[in-house]
Each structure stands twice: as C-alpha cells, then as structure tokens.
Amino acid sequence: MNTKKKRVLITGASGLLGGNLVFVAPQHWDIIAVTYRHTLHNIPKNIIAHTLDLRDEKSMHALRADGAFDAIIHAAALTNVDQCEQEPLVARDLNTTIAERMALFAREQDAHLVQISTDHIFNGVTGPYYVTDAPTPINEYARSKLEAERCITALAHTKTTIVRTNFFGYNVQEKNDLAGWMLQELAQENPIRLFTDVLFSPLLVNRLIAILIEIIDQRIYGTQHVAARDGCSKYEFGMMLADAFACDTALITPISIDESELAVARPKDMRLNIDASAQILETQMPTIAESIEYYRQLECASYASLIKKLL
Ligand SMILES: NC(=O)c1ccc[n+]([C@@H]2O[C@H](COP(=O)([O-])OP(=O)(O)OC[C@H]3O[C@@H](n4cnc5c(N)ncnc54)[C@H](OP(=O)(O)O)[C@@H]3O)[C@@H](O)[C@H]2O)c1
C-alpha cells in the first residue's frame, strides 16, 4: 500500500481558516504554508513555511522550487468588507488576481485547486441559496470573490473545487471573528445588539476542515456549498452561543439591520442550501448547535491557546 502523504499548499496560513488547517492538517498531508505579514512558529517537520506577497508574480518561483504539489487550498484573501469597499482595486488584486494566479499555478502543476469562496456572493433577497442559483453580489468584497470564481472556472482546469462557505472558530491571530467578539463582550458583561434579519448558516472551521480533507483525499470537484445543515439569524446565533458558554442572554438586544449604520451593503439572507453537496460528501455537515457544542468542547481542551502558539 502506498502511504506517501499528499503535498498540499495552503495560502492564507495565518488566517482563521489557514491557521486551523496548519494546526490540524499535517496529520494528513505534508504542507507548504504561505503567510504574508505573519510568520509561523512551532510547526511540525512536515510543514515548509514561506512568507510571500502572492500579488508578486515572482512569489511563484519560491513555490516552484518546493517541487510538485498534489493540491492547493487557496485561503489567502482580503476579508475586510469595509476595506474592500474603500479600496476596490486592492480587493481585486488580493481576491481576484491572486486567485487566478493560483489557478494557473494549479493547472501548471496538474494539482487540485480548492478555492475558498463565500456565501456573500448572493444578494441575500431569496435565500437559502442553491449551488445552481445565480450570484448577484452587492458589495466590492463579494464582487471580487465572485470574479475569482469566474476567472478560475474560465481556465477550465478540471481538477477544481469552489467551496462556498461561512465559518467561525478560534484564530491563530489575536483578532476575533463574530463568535469570538460576541463571547468576549458577553464575558465582560457588555451589552451587544444583534440582527434578527441577517440570516446565515455558519459551521465551525474545524468541521469545514474535515470536509476539505475529504474533498482533497476523495478528489471531489465542482462548486460545493459547505455550511451548517440549518440556518439562523445573527441574534439567534448569539443567544445559542451565550447559552452554551453560560453567559447572560439578557445582555443581547435584538435589532434590525435596517436600524444599523453599516457603511457597506450586506446581504440579509446568506443561508446556503447544502443538499447537492451533502449527497456527494460522506462527512456530514453539522447543525449550528452541533458546531457550537464542538466549539465549547475545544475551549475546554485549551484549543484556543494551543493554536495561538503557531504565531
Ligand atoms: N471568515 C469567514 O467566515 C469566511 C466566510 C466565507 C468565506 N471566507 C473565505 O475564506 C478564506 C479564508 O478566510 P479567513 O477568514 O481565514 O481569512 P483571514 O483570517 O482574513 O486571513 C487572510 C489571509 O490572507 C493572507 N494574505 C493577505 N494578503 C496576502 C498577500 N498579498 N499574499 C499572501 N497572503 C496574503 C493573510 O496573511 P498575513 O495575515 O500573514 O498577512 C492571511 O493569512 C477567504 O478566501 C475568505 O474570503 C471566509
């Protein structure tokens, strides 16, 4: 039996998804990890780490020198929706041009490309969204991510997977995602206001990673929706988190996004329908409550502080 591990290139390795991948995936694959401003520390022997600006064409030389790859998980991006709106050209550079470059590189290497895309590409009027629904982005972040999907698809490299998702989890960096921010505020007994009319279907990043492992190991291609089996509002999500982490739910006030002063238009209903992908994938996608319960178990296992040792 051939037990040689696959060689997988992970971009965005200091981000929320990439950091968790670097923490978990060396058990499955040999890893080449690319960060930009951050440097990885305390990594196992089967990770080669690079700090590269992937906007620079020459960065590909360093990656070519590492030898052939079996797969690429492209998770590097500009995920700050406000910054994307203020600097659309920067958003295009980081979210579209680099993705296209990674797709060309994957084709050159005959490697499987997994592009991490987003639920944000839909306008949020008629969710939940099926894989077959036409995306109609309403802000620059979404436009730059959809354009990346289109550029990659146009290259017609058959070994390509586009994973549309939304996730939460513990971050290698000292910055919070939505779940981390909610818990931090509630732990400090600060009141928070959460939208009742913004719906999504997030899953724990560790559950997403289990599915990415299956996608690469089983060579699953095409566009996949990888999300919670159900959906909820941001308010309901906060209430579930507060319950699971024994915080005071009275600190949470339900509000409408229409009452807020967000500078950038955001879709209201970002829920993803997972039926088509669930028929292909063996790994079951969790409900939101299941993800939150696993998130709590990881907290008890000190996962949040262990993962921070990578930076
Ligand atoms: N978070 C979510 O809920 C969510 C939802 C849907 C889709 N997504 C998608 O999932 C992917 C991962 O998101 P995330 O939240 O994990 O991202 P993130 O935490 O914002 O991390 C972004 C990563 O991109 C790297 N990067 C930025 N500019 C770069 C450059 N010029 N060259 C090389 N690397 C660069 C950063 O490196 P340094 O930090 O070292 O500079 C960092 O590792 C993205 O494609 C995002 O669009 C995220």
Side-chain angles (χ1 to χ4, degrees), residues 15-17 77-96 116-129 133 135-148 164-171 173-203 205 227-228 230-245 247-272 288 291-292 295:
L16 175 56
L17 170 57
L78 179 63
T79 55
N80 182 320
V81 174
D82 295 308
Q83 194 185 341
C84 287
E85 204 67 15
Q86 287 153 11
E87 301 178 84
L89 295 179
V90 177
R92 288 291 159 125
D93 253 6
L94 286 165
N95 292 343
T96 312
I116 308 299
S117 193
T118 174
D119 54 359
H120 220 93
I121 57 169
F122 296 106
N123 65 10
V125 176
T126 55
Y129 289 97
D133 286 335
T136 43
I138 58 171
N139 60 41
E140 290 297 332
Y141 169 66
R143 275 189 275 278
S144 63
K145 293 293 291 184
L146 178 61
E147 201 48 35
R164 295 184 186 144
T165 186
N166 187 306
F167 50 88
F168 65 99
Y170 296 108
N171 203 320
Q173 296 183 33
E174 292 296 340
K175 71 175 186 187
N176 277 322
D177 65 353
L178 178 70
W181 169 78
M182 287 176 182
L183 286 177
Q184 180 179 292
E185 295 303 311
L186 295 172
Q188 291 170 5
E189 299 192 358
N190 293 332
I192 56 175
R193 305 185 323 151
L194 298 176
F195 302 136
T196 51
D197 49 0
V198 176
L199 309 179
F200 66 157
S201 46
L203 81 174
V205 69
D230 51 358
C232 70
S233 67
K234 299 227 166 167
Y235 170 73
E236 289 164 329
F237 183 68
M239 294 296 276
M240 280 193 265
L241 267 182
D243 268 342
F245 286 78
C247 299
D248 183 0
T249 53
L251 291 165
I252 305 177
T253 304
I255 61 160
S256 163
I257 191 171
D258 299 330
E259 297 168 45
S260 76
E261 284 164 12
L262 290 177
V264 182
R266 284 168 161 82
K268 275 190 173 172
D269 187 349
M270 293 176 283
R271 289 173 299 159
L272 294 174
I288 292 169
S291 273
I292 288 176
Y295 187 55

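For clarity, every value in this text was computed on a predicted model and none was experimentally measured.
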Exercise: identify the closest heavy-atom pair between K234 and M182: O-CE, 3.8 Å
Test side chain to side chain contact (heavy atoms under 4.5 Å, CB included) on I292 and D243; report intermediate values, then the result. CA-CA 10 Å; I292 288 176; D243 268 342; over 6 Å; no
Residues passing the ring-ring contact (aromatic ring centres under 6.0 Å, His included) test with F168, sequence neighbours excluded, are F237, Y295
Apply side chain to side chain contact (heavy atoms under 4.5 Å, CB included) to residues F167 and L16 and explain how you reach the verdict. CA-CA 9 Å; F167 50 88; L16 175 56; 3.7 Å; yes
Mind checking side chain to side chain donor-acceptor pair (under 3.5 Å) for Q184 and listing every partner two or more places apart, or none if nothing turns up? N176
Could you walk me through whether F122 and R164 pass the side chain to side chain contact (heavy atoms under 4.5 Å, CB included) check? CA-CA 11 Å; F122 296 106; R164 295 184 186 144; 3.6 Å; yes
Within the side chain of K145, is there an N or O that forms a donor-acceptor pair under 3.5 Å with the backbone of I116? yes
K268: what forms a salt bridge (charged side-chain N to carboxylate O under 4.0 Å, His left out) with it, not counting sequence neighbours? D258
Non-neighbouring partners of P137 that pass side chain to side chain contact (heavy atoms under 4.5 Å, CB included), sequence neighbours left out: A142, R143, L146
If you count every heavy atom of other residues, nucleotides or ligands that lies below 6.0 Å from E259 atom CD, does the total exceed 12? yes
Side chain proximity check, N171 to V205, heavy atoms < 4.5 angstrom: no
Sequence neighbours excluded, the answer for side chain to side chain donor-acceptor pair (under 3.5 Å) partners of S144 is N95
Any side-chain heavy atom of E140 within less than 4.5 Å of one from E87? no
Go through the steps to decide whether L183 and C247 satisfy the test side chain to side chain contact (heavy atoms under 4.5 Å, CB included), and finish with yes or no. CA-CA 8 Å; L183 286 177; C247 299; 4.3 Å; yes
Any chance you could measure T165, atom OG1, to H120, atom NE2, to the nearest 0.5 Å? 14.0 Å
Using the test side chain to side chain donor-acceptor pair (under 3.5 Å), find all partners of R271 that sit at least two apart in sequence or belong to another chain. D269
Could you pull out all residues at least two apart from E236 that satisfy side chain to side chain contact (heavy atoms under 4.5 Å, CB included)? C232, S233
How long is the gap from CE on M270 to CD1 on I121, to the nearest 0.5 Å? 12.5 Å
Can you tell if the side chain of V264 reaches within under 4.5 Å of the side chain of Y141, non-hydrogen atoms only? no
dist L89:CG -> L94:CG (nearest 0.5 Å) comes out at 11.0 Å
For residues 193-202, please give each side-chain donor-acceptor pair under 3.5 Å, one per line with the distance, not counting sequence neighbours.
unit_1	atom_1	unit_2	atom_2	d
T196	OG1	I255	O	3.3
D197	OD1	I257	N	2.9
D197	OD2	S256	OG	2.6
D197	OD2	I257	N	3.4
S201	OG	L272	N	3.0

Rounded to the nearest 0.5 Å, what separation is found between the OG1 atom of T79 and the CG atom of D177? 10.5 Å
Value for OG1 (T118) from CG (N166), rounded to nearest 0.5 Å, stands at 6.5 Å
How would you list, by chain and number, every residue that makes a side chain to side chain donor-acceptor pair (under 3.5 Å) with T253, sequence neighbours excluded? none
OG1-CG distance between T126 and D133, expressed to the nearest 0.5 angstrom: 6.5 Å
Under the side chain to side chain contact (heavy atoms under 4.5 Å, CB included) test, which residues partner A187, sequence neighbours left out? none
Can you list the residues that meet the side chain to side chain contact (heavy atoms under 4.5 Å, CB included) rule with E185, with sequence neighbours excluded? W181, N190, I192
